[in-house]
Amino acid sequence: MDDFDQAFIQAPEHRPKLSDAEADGIPTVDLSPIFNSPDGTFPDDLVRQIASASADWGFFFVVNHGVPPEKQRRIEAAAREFFGQSLEEKRKVRRDEGVVTGYSNTELTKNVRDWKEVFDFVVADPTVVPASPEPDDDQLAKWTNRWPEYLPEFRKACEEYVEELEKLGHKLMELLAVSLGLPAERFRDYFKETTSFGRLNHYPPCPSPELALGVGRHKDPGVLTVLAQDDDVEGLEVKRKRDGEWIRVKPVPDSYVVNVGEITQAWSNERYESVEHRAMVNHKRERYSIAFFFNPSHSTIVEPLKELIDPENPPKYKSYSWGKYLSNRMLSNFKKLNVDNIQVSHFKISN
């Protein structure tokens with residue numbers, strides 16, 4: 001135990017229980033009615049399902065989601081091939097403070113190092129963002145992708161995959177809009193200059209899985225996250241809203257796990273809530289997952305939507321700049337800070 005790096009060790013209250021309960025209750029939403037609807041409208045039953053899943057859990061599976069299985073298989077194979085390279089090869093496309101795309105195995109969540117390695121890439125290349133989190137700095141920066149030239153098919157597999165996931169993200173936002181009583185297209189304009197990105201995750205076997213986490217507890221800051229889980233190896237855990245228990249998410253074949261991000265929590269004025277989740281590791285088997293973070297333009301000012309505000313439902317959040325928020329969060333992935341990284345709760349209006 002002495003040789004286990006202290007940087008990975010979670011505080012006792014945040015360490016995983018290796019026997020946490022499996023979740024039976026996380027809803028599964030069948031999206032086939034979206035693709036079969038002749039007039040493009042959503043059946044009431046589907047709208048109700050997405051509303052209750054977003055309100056009660058903040059997490060749900062989607063099946064019959066329209067993403068071609070061969071594109072899923074191709075990116076899974078690409079991820080395994082990339083992470084199977086030597087550390088020297090992977091470090092040729094290493095992330096650092098000035099470059100947020102590429103490979104990393106030193107990421108922090110809530111100031112504790114995660115037991116994982118990742119490869120990040122932006123959907124819009126380049127992606128325009130604020131140069132710094134400072135409120136009075138108006139300068140913009142461009143994030144560009146770094147691709148491993150020694151894997152010729154890798155870039156294509158990643159780009160084709162997120163193209164499909166972006167379409168799915170828009171469909172899900174149309175459904176969420178209707179479930180909130182809004183026009184289906186209500187959210188589309190926010191994504192004209194997307195800051196969405198994809199992430200390949202690899203969690204190697206860990207000698208002390210009772211002390212470390214693949215990803216520490218966190219909420220996702222964006223609009224939606226769409227996760228392809230490893231079908232064979234469990235790891236994702238969700239904090240159940242009704243009792244605060246950590247629940248293991250059993251993989252469902254050919255599905256994605258969707259979770260509501262903090263922007264959607266603010267837009268919906270807390271009708272829908274982002275919930276904490278984390279990734280476990282185990283000492284025998286490696287695990288892979290692929291995340292798609294659906295994020296709006298950097299210029300988006302996030303605040304509760306005016307249509308959802310009235311005297312009985314006053315706004316619960318002050319407005320904030322998504323671009324500044326994003327650049328602050330990216331900084332906290334690289335540097336150990338003296339405080340927890342910024343959360344949507346910092347903008348909560350206290351009653």
Side-chain angles (χ1 to χ4, degrees), residues 23 25-79 123-124 156-192 194 196-200 220 222-231 236 249-261 263-264 267-268 271-272 289-296:
I26 291 185
T28 297
V29 179
D30 182 349
L31 295 181
S32 54
I34 289 181
F35 303 103
N36 300 331
S37 167
D39 57 357
T41 56
F42 303 132
D44 292 347
D45 186 43
L46 180 59
V47 173
R48 277 194 297 272
Q49 276 183 32
I50 211 102
S52 68
S54 302
D56 298 343
W57 280 90
F59 259 82
F60 50 92
F61 291 105
V62 292
V63 294
N64 297 317
H65 41 64
V67 177
E70 67 275 8
K71 295 200 174 169
Q72 180 66 42
R73 283 195 294 272
R74 213 171 287 152
I75 195 169
E76 285 170 359
V123 173
K156 186 172 182 232
C158 291
E159 288 178 340
E160 288 185 352
Y161 179 76
V162 291
E163 196 180 312
E164 295 295 336
L165 271 279
E166 228 182 356
K167 291 180 204 165
L168 177 59
H170 282 296
K171 281 285 177 207
L172 289 167
M173 288 314 293
E174 287 175 14
L175 201 45
L176 283 170
V178 174
S179 76
L180 290 165
L182 305 168
E185 298 292 309
R186 176 64 175 88
F187 295 110
R188 192 161 277 267
D189 284 352
Y190 290 112
F191 295 91
K192 281 189 171 152
T194 176
S196 300
F197 66 98
R199 165 171 289 182
L200 312 179
D220 291 345
V223 174
L224 288 178
T225 303
V226 184
L227 182 78
Q229 283 208 87
D230 194 317
D231 280 346
L236 178 64
V249 179
K250 193 175 173 63
V252 170
D254 304 318
S255 73
Y256 292 114
V257 184
V258 178
N259 66 283
V260 167
I263 291 179
T264 301
W267 275 344
S268 71
R271 284 196 23 203
Y272 300 155
S289 68
I290 301 163
F292 171 71
F293 299 96
F294 196 41
N295 295 337

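Within the 4.5 Å cutoff, the side chain of Y256 has heavy atoms near those of the L168 side chain. Annotation: side chain of Q229 is in contact with side chain of F61 (closest heavy-atom distance under 4.5 Å). Contact check for P43 versus L46: side-chain heavy atoms found under the 4.5 Å cut-off. Counting heavy atoms from C-beta outward, V223 and F191 have side chains that approach closer than 4.5 Å. Residues L165 and V67 form a side-chain contact, since some pair of their non-hydrogen atoms from C-beta on lies under 4.5 Å apart. For the pair I34/L175, a side-chain contact is recorded, criterion being any heavy-atom separation below 4.5 Å from C-beta on.
By the side chain to side chain contact (heavy atoms under 4.5 Å, CB included) test, E163 is found to be paired with no residue, residues two or more places apart in sequence or in another chain being considered. Partners of V258 by side chain to side chain contact (heavy atoms under 4.5 Å, CB included), not counting sequence neighbours, listed by chain and number: F60, V62, L172, L224, V226. Applying the salt bridge (Lys or Arg N to Asp or Glu O under 4.0 Å) test to E76 and every residue at least two apart in sequence or in another chain returns nothing. For R188, the salt bridge (Lys or Arg N to Asp or Glu O under 4.0 Å) test picks out E174, E185, with sequence neighbours left out. Scanning for side chain to side chain contact (heavy atoms under 4.5 Å, CB included) contacts around S179 gives V47, I50, A51, L176, Y272, with sequence neighbours left out. Scored by the side chain to side chain contact (heavy atoms under 4.5 Å, CB included) test, D45 finds R48, Q49 as partners (sequence neighbours excluded).
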Full working for side chain to side chain contact (heavy atoms under 4.5 Å, CB included) between S54 and V260: CA-CA 7 Å; S54 302; V260 167; 4.1 Å; yes
Side chain to side chain donor-acceptor pair (under 3.5 Å) between T225 and D220, worked out: CA-CA 7 Å; T225 303; D220 291 345; 2.7 Å; yes
CA sep, side-chain torsions, deciding dist, call: W267, R186, side chain to side chain contact (heavy atoms under 4.5 Å, CB included): CA-CA 11 Å; W267 275 344; R186 176 64 175 88; over 6 Å; no
Stepwise side chain to side chain contact (heavy atoms under 4.5 Å, CB included) check, I26 with V249: CA-CA 8 Å; I26 291 185; V249 179; 3.6 Å; yes
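Closest of all the heavy-atom pairs between S196 and T194 is OG-OG1, 2.6 Å. Residues G198 and V162 share a closest heavy-atom pair of CA-CG1, 4.4 Å. Between P253 and D231 the shortest heavy-atom distance is CA-OD1, 4.1 Å. Of all the heavy atoms in I75 and C158, the pair that sits closest is CD1-CA, 3.9 Å. The shortest non-hydrogen separation linking N295 to G222 is OD1-CA, 3.2 Å. Considering every non-hydrogen atom in both P183 and A177, the closest pair reads O-CB, 3.3 Å.
Atoms CD and NE2, from E164 and H65 in turn, are 10.5 Å apart once rounded to the nearest 0.5 Å. For the atom pair CG of L31 and NZ of K171, the computed distance is 10.0 Å after rounding to the nearest 0.5 Å. A distance of 9.0 Å separates CG in L227 from OG in S255, rounded to the nearest 0.5 Å.
For F292 and Y161, the gap between ring centers reaches or exceeds 6.0 Å. Checked against a 6.0 Å centroid threshold, the rings of H170 and F294 count as neighbours.
Ion pairing of K156 with E160 is present here, as a side-chain N (NZ or NE/NH1/NH2) and a carboxylate O approach within less than 4.0 Å.
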